[in-house]
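Atoms considered below: every heavy atom in the structure, side chains included; atoms not considered: hydrogens, waters and symmetry mates. This one's a predicted model, so the numbers in the text were calculated from it and none came from an experiment.
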There are 2 protein chains.
Amino acid sequence: MQNLSKNQQIIFDLIDKSPEPLKAYSILFSVQKRGIKAPLQVYRALDKLVEIGKIHKIESRNAFIACQNSSCQISKATAFSICESCEKVTEINNSNLSKYLTCFKDKNGMKYNKYNLEFFGLCKKCVSKKS
Amino acid sequence: MQNLSKNQQIIFDLIDKSPEPLKAYSILFSVQKRGIKAPLQVYRALDKLVEIGKIHKIESRNAFIACQNSSCQISKATAFSICESCEKVTEINNSNLSKYLTCFKDKNGMKYNKYNLEFFGLCKKCVSKKS
DNA sequence: ATTAAATTGTTATAATATAACATTTTGTAA
DNA sequence: TTACAAAATGTTATATTATAACAATTTAAT
């Protein structure tokens, strides 16, 4: 596995340390003190980090999270749980699920090589708050 | 089920007739002749149509498609196949899959009430073109 | 008729993302 | 060790997607 470039490393470190998904412009704001001044610098690093599987994009939130599974692998099978109250996002690492979806074949005869799944609901904490 | 308002109906008809997912600003362009002039008018109709389950948002594409299943139900369990070559999007209606995902429970103890799944790959046509 | 909820109209602006072009750095093979 | 290609960077401008805020109108149920 290749090493990260300077900008990629700066941005990966930030995302990796964050307890919550980060948005591109919030990343931009955070790394301006480190010399990254333009949106495109952020987006290019994000694209690369996604491509090599170090981070994932949470599509429904336009935000990025560090990979929690095997941090160097290209990610073709991603699943997340998202709390609609506190917005906590967790990567799901469940071999039964990934096996089921990787092997899934629909009647349309399409050959899948990738999937992304997002579950929505209330996390434990938020469920108990509401009761 | 309630009737659609004027703007909602105009925009739903457009999406429903389209063979491919439509983006908000392309919708705006198409309906300007019918008196809808501002982005917000489009987004408000889209929000409502999504809420009542007449259309779905394809999150990875920021585009909207008419529901192919039971067009009046609130959609809490959506799955799509997306061809990465021709961008054709099809709603997957597979009871085994929806049953599996609706019942899925992860070890985090979170209570899911909704999911969205997007499969990516090559459709039949595009697979044969490449060979 | 009254009234609350939903919808519409409108202007402005926020948030997300890419185009285009020039330069520099990095890895690798002659 | 130089030369070369690929990757990464820097920069300005702009495209695309989405919402805020406020006023007016329509709809549907009393």
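Using a 4.0 Å cut-off, some side-chain N or O of A/N7 falls inside it from OP1 or OP2 of D/dG10. Between A/K37 and D/dT11 there is a side-chain N or O to OP1 or OP2 distance below 4.0 Å. Within the 4.0 Å cut-off from OP1 or OP2 of D/dT9, at least one side-chain nitrogen or oxygen of A/S5 is found.
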query: When you check every protein heavy atom under 4.0 Å of nucleotides 11-21 of chain C, what one-letter string (B, S, -) results, 5' to 3'?
result: B----BBBBB-
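In this structure, A/F104 and B/F119 have parallel ring planes: the angle between them is below the 30° cut-off, well short of the 60° mark.
Summarising the geometry, the separation between CD1 on B/I11 and P on C/dT7 is reported as 13 Å, rounded to the nearest angstrom. With rounding to whole Å, A/L49 atom CG is found 10 Å from D/dT9 atom P. One interatomic measurement links the two molecules: CZ of B/R34 to P of C/dT8, which rounds to 13 Å at whole-angstrom precision. Counting to the nearest Å, the P atom of D/dT9 and the NZ atom of A/K48 are 10 Å from each other. When rounded to the nearest whole Å, the span between CD of A/Q41 and P of D/dT11 equals 7 Å. If you take CD of A/Q32 and C1' of D/dG10, they are 14 Å apart, rounded to a whole angstrom. Taking atom CG of residue B/L28 and atom P of nucleotide D/dA15, one finds them 16 Å apart after rounding to whole Å. What separates CD of A/Q8 from C1' of C/dT26 is a distance of 12 Å, to the nearest Å.
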Donor-acceptor contacts under 3.5 Å from residues 95-103 of chain A side chains, at least two apart:
{"from": "A/N96", "atom 1": "OD1", "to": "B/Y100", "atom 2": "OH", "distance (Å)": "2.8"}
{"from": "A/S98", "atom 1": "OG", "to": "A/N94", "atom 2": "O", "distance (Å)": "3.4"}
{"from": "A/S98", "atom 1": "OG", "to": "A/S95", "atom 2": "O", "distance (Å)": "3.2"}
{"from": "A/Y100", "atom 1": "OH", "to": "B/N96", "atom 2": "O", "distance (Å)": "3.4"}
{"from": "A/Y100", "atom 1": "OH", "to": "B/N96", "atom 2": "OD1", "distance (Å)": "2.8"}
{"from": "A/Y100", "atom 1": "OH", "to": "B/L97", "atom 2": "N", "distance (Å)": "3.4"}
{"from": "A/T102", "atom 1": "OG1", "to": "A/S98", "atom 2": "O", "distance (Å)": "2.6"}

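With hydrogens and angles left out, the side-chain atoms of A/Q68 and A/N93 include no donor and acceptor closer than 3.5 Å.
A/G53 approaches A/C67 most closely through the heavy-atom pair O-CB, 3.4 Å. When every heavy atom of A/S60 is checked against every heavy atom of A/I82, the shortest pair comes out as OG-CD1, 3.7 Å.
With respect to A/R61 and A/E118, no salt bridge is recorded, no charged nitrogen being found less than 4.0 Å from a carboxylate O.
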field: Residue pair B/F64, B/I11: steps toward the side-chain contact (heavy atoms from CB on, under 4.5 Å) verdict
entry: CA-CA 11 Å; B/F64 299 86; B/I11 288 171; over 6 Å; no
